[in-house]
Colleague: 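Here you go, one structure.
Note that this is a predicted model, so its numbers are computed, not measured. In listed order, ligands and their atoms are each counted from 1.
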Amino acid sequence: MITSAIRKSCPAAIILFLLCVTFYLPPVAGAQSSSAQAKLSVHWEELTASDFRDGIHRSQGVCLLPFGILEKHGPHLPLGTDLLDVRYATLHAAEQEYAVVFPEYYFGQIAEARHEPGTIAYSRNMQLALLQETTDEMARNGCKKVLIVNGHGGNESLLPFFAQTQLDKPHDYVVYVFDERTPQSGGPKKKTSIDMHAGESETSKMLVSRPDTLHLDRATNESGADQHHQNLPEGVYTGIWWYARFPNHYSGDGSVATKELGEYQMNWWIDSLVKVIRGVKADDASLKLQNEFYEKSQHPLDTQP
Ligand SMILES: [Zn+2]
């Protein structure tokens with residue numbers, strides 16, 4: 001509309017001048033660099049080497065390691081459900097609060113699903129060694145704050161153990177673990193009480209992150225009920241407890257999943273993660289304390305109360 005108005009009232013030379021001003025002005029240096037910065041990918045693997053340097057600077061050394069797994073998820077969800085969900089939440093959080101996100105990582109604890117097709121269960125030593133070398137390499141590249149975002153319930157013992165054993169010997173970086181995926185309350189009312197694996201919550205989240213991979217019509221093909229008759233002794237832990245209760249590697253009922261519940265839970269996950277990233281960026285105590293601790297641990301007899 002503006003163009004036709006100009007055509008009616010201006011000679012050709014003026015139109016040409018206006019077009020030049022509109023389309024051929026050289027970009028202002030500051031504007032160019034800020035728009036390039038705004039486009040900086042959060043995906044480690046999508047950054048060029050020099051953009052990676054900018055990304056580390058912009059993230060203040062905070063790098064995210066979304067941690068998934070490859071395991072059966074009931075009869076209706078894909079093997080990579082935890083990886084797909086945790087990356088969805090992490091990437092969206094990093095878009096809001098910039099941080100560099102490590103590529104697909106799924107080398108965790110899943111011994112209890114080795115009887116199911118498609119499970120990749122690395123040995124205990126391999127899991128710990130690979131994770132240590134991964135965080136070491138991240139730190140060598142400037143990630144002085146490595147935030148592991150756990151997407152898989154089977155890692156819930158592994159990751160605190162891994163973080164704790166960072167005190168074994170000096171590291172010039174801090175490992176943080178964020179291990180919450182589902183809000184305790186609020187949101188649409190849930191229909192099921194047992195909901196530990198591939199059930200209502202996890203299936204709902206997949207309706208948000210990767211609905212194209214779901215087979216909701218198969219969700220009742222197997223039972224996700226608790227097999228209480230497989231009672232084990234009380235007061236002790238045994239690794240077979242999960243198989244005893246959920247031999248189909250399915251806990252709950254995915255058929256009742258809704259997108260509303262998925263959106264509520266996924267938004268909660270993303271919002272929580274944004275807050276955690278901000279907290280980690282602001283943390284200037286952990287590394288100082290670690291260094292103090294490493295130094296003192298060289299000569300414990302000198303430590304005074
Ligand atoms: Zn899962």
Colleague: Hey, which N, O or S atom on Glu202 ends up closest to the Zn ion (ligand 1)?
Modeller: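 For Glu202, the N/O/S atom sitting closest to the Zn ion (ligand 1) is OE2.
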
Colleague: Does the pair Glu112 and Lys72 meet the rule for a salt bridge (charged side-chain N to carboxylate O under 4.0 Å, His left out), with working shown?
Modeller: CA-CA 11 Å; Glu112 63 272 26; Lys72 177 184 176 184; over 6 Å; no

Colleague: Assess the pair Trp242 and Phe246: is the distance between their ring centroids shorter than 6.0 Å?
Modeller: yes

Colleague: So, are Asp195 and Lys190 salt-bridged, with charged N and O less than 4.0 Å apart?
Modeller: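 So Asp195 pairs with Lys190 through a salt bridge.
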
Colleague: Of all the N, O or S atoms in Asp82, which has the shortest distance to the Zn ion (ligand 1)?
Modeller: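 Per the distance ranking, Asp82 contributes OD1 as its closest N/O/S atom to the Zn ion (ligand 1).
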
Colleague: Got an N, O or S from His73 under 2.8 Å of the Zn ion (ligand 1)?
Modeller: yes

Colleague: Do you see a donor-acceptor pair shorter than 3.5 Å between the side chains of Thr119 and Glu71?
Modeller: no

